[in-house]
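This report concerns only the one structure given below.
Labels below follow one simple rule: chain letters A, B, ... track the order of the sequence lines, proteins then strands, and each chain is numbered from 1. Keep in mind it's a predicted model, so treat the numbers as computed, not measured.
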2 protein chains.
Amino acid sequence: MRYSPEHKSTKRKHLLAVAGAESKKKGFAAVGVDGLMQAAGVTSGAFYSHFSSKNELFKALIEMELQDSMQMLVGNPHQDLAAWLDHESDRYLTMSHVRHPEAGCALPALGAEIARADDSVKQIYQQQMLEARDMLASRLGDNTAAWGFMAQCVGALLLARAMPDEDMQQEIIQAGRQFLQRAITETDGDSAEAATGPQ
Amino acid sequence: MRYSPEHKSTKRKHLLAVAGAESKKKGFAAVGVDGLMQAAGVTSGAFYSHFSSKNELFKALIEMELQDSMQMLVGNPHQDLAAWLDHESDRYLTMSHVRHPEAGCALPALGAEIARADDSVKQIYQQQMLEARDMLASRLGDNTAAWGFMAQCVGALLLARAMPDEDMQQEIIQAGRQFLQRAITETDGDSAEAATGPQ
DNA sequence: GTCTATACGCGGATAGAC
DNA sequence: GTCTATCCGCGTATAGAC
């Protein structure tokens, strides 16, 4: 046979990787099937032997991207809360992440497009986000801190990327770090008590 | 004369309002000049008597939207910090705002598109955001709190809107409120001292 | 599984009549 | 200022040969 048994699944992974980078850079809607397949080294007709539609690609893409993000969170080795937070800030709230959306988190780049997508995409998003929430809540004390942490990270990156000047990007990123420190390491004891107390 | 002297500027404002709502709902890139002018009750050829290109429309749109948002911030009458924060949460971190992007803040809906736009758009964004930062810093103590507040609001709305289930949207919005309370009202004294102290 | 060719619609933008 | 008509390119998707 001309194509190995694993060729299709290998090619699919490659397509997802290319589509992820292109989408985060230009927006999913702006990425054409034609340009995508050209970047992958094949012609556009071949696309539909891997995905039945562009929406199916989006579903697979969001799932893969958020699974990758989850792996990053799981990979944080620190037990101490302050050290854990520093580790996350050092990988997420950085100028490199601001400058290179194609290699970064899908949420600041594609969040608004997920919000406009159909329910099948949103269901995949929700499932992945709940995993992340639970993982973060076990570290940070409660769901409030988990969602607050994620919203701060995503929001800061979004606001920073739209800035034309580097020093303003830097200011926002730095503010995100400090704000999280204030919110998480300085109020942790209180909030943990409040979470287990009566309500 | 068939058209009053103010007709053009009136029509321009109307076009911006329609374009703003449509863009926040579907994404700016997805809004066609044709559909836009149809929604405004005229034909597509008339568009270019108001804007020289679609990019010029985007610039005018972002400026108008962020000026509107600034007016909302200025309109908060409360002196007490906790009351001020409640007022902001009650108008921004709500289910109504999650459900109706077309009537809400431009940043969660269009932030990623601003980040991909050319520098002329980003400059307008930066100018407006610096005004908002300064206004917020005077209320919240320092730039860190100002950016942190904005990032939390924008990020929470973005994450919530992509959720398919209402109760999850509600959970994220509610977490945003509580997180801001913890971060701003509970650490305000410390951070204000830190901001004026040596460093 | 991948190729070429193609159908069909919508995107932004322009020309010239009224 | 607005209209109609039109140019041209790119979008998704499909059919059929190899």
Original post:
Crowded around Met95(B) CE? As in, over 12 foreign heavy atoms under 6.0 Å?
Top reply: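 Enclosed.
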Whole-Å gap separating [atom2] ([N]) and [atom1] ([X]):
{"X": "His14(B)", "N": "dT2(D)", "atom1": "NE2", "atom2": "P", "answer": "11 Å"}
{"X": "His50(A)", "N": "dA13(D)", "atom1": "NE2", "atom2": "P", "answer": "16 Å"}
{"X": "Arg12(A)", "N": "dT2(C)", "atom1": "CZ", "atom2": "P", "answer": "13 Å"}
{"X": "Lys54(A)", "N": "dT14(D)", "atom1": "NZ", "atom2": "P", "answer": "15 Å"}
{"X": "Phe47(A)", "N": "dA15(D)", "atom1": "CZ", "atom2": "P", "answer": "16 Å"}

Original post:
Have Trp84(A) and Gln79(A) got a donor and an acceptor in their side chains that come within less than 3.5 Å?
Top reply: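 Looking only at side-chain atoms, Gln79(A) and Trp84(A) do not form any donor-acceptor pair under 3.5 Å.
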**OP:** Compute both the distance and the angle, then confirm whether Lys54(B) meets the cation-pi test with Phe47(B): under 6.0 Å from the six-membered ring centre, within 45 degrees of the axis.
**Re:**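 That pair does not qualify as a cation-pi contact.
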Subject >> Leu16(B) side chain reached by Phe51(B) side chain, heavy atoms, under 4.5 Å >> reply: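 Contact flag for Phe51(B)/Leu16(B) side chains = yes.
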Subject >> Leu73(A) vs Arg91(A) side-chain heavy atoms within contact, under 4.5 Å >> reply: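 Yes, side chains in contact.
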Original post:
Looking at DNA chain D, which of residues 22-46 of chain B put a heavy atom within less than 4.0 Å of it?
Top reply: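 Close to the strand are Val42(B), Thr43(B), Gly45(B), Ala46(B).
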Subject >> Interatomic distance, Glu102(B) atom CD to Lys25(B) atom NZ [nearest 0.5 angstrom] >> reply: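 Between Glu102(B) CD and Lys25(B) NZ, I get 5.5 Å after rounding to 0.5 Å.
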Subject >> Touch class at under 4.0 angstrom, heavy-atom based, for Tyr48(B) against every strand present >> reply: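 Counting heavy atoms under 4.0 Å across all strands, the contact made by Tyr48(B) includes a base.
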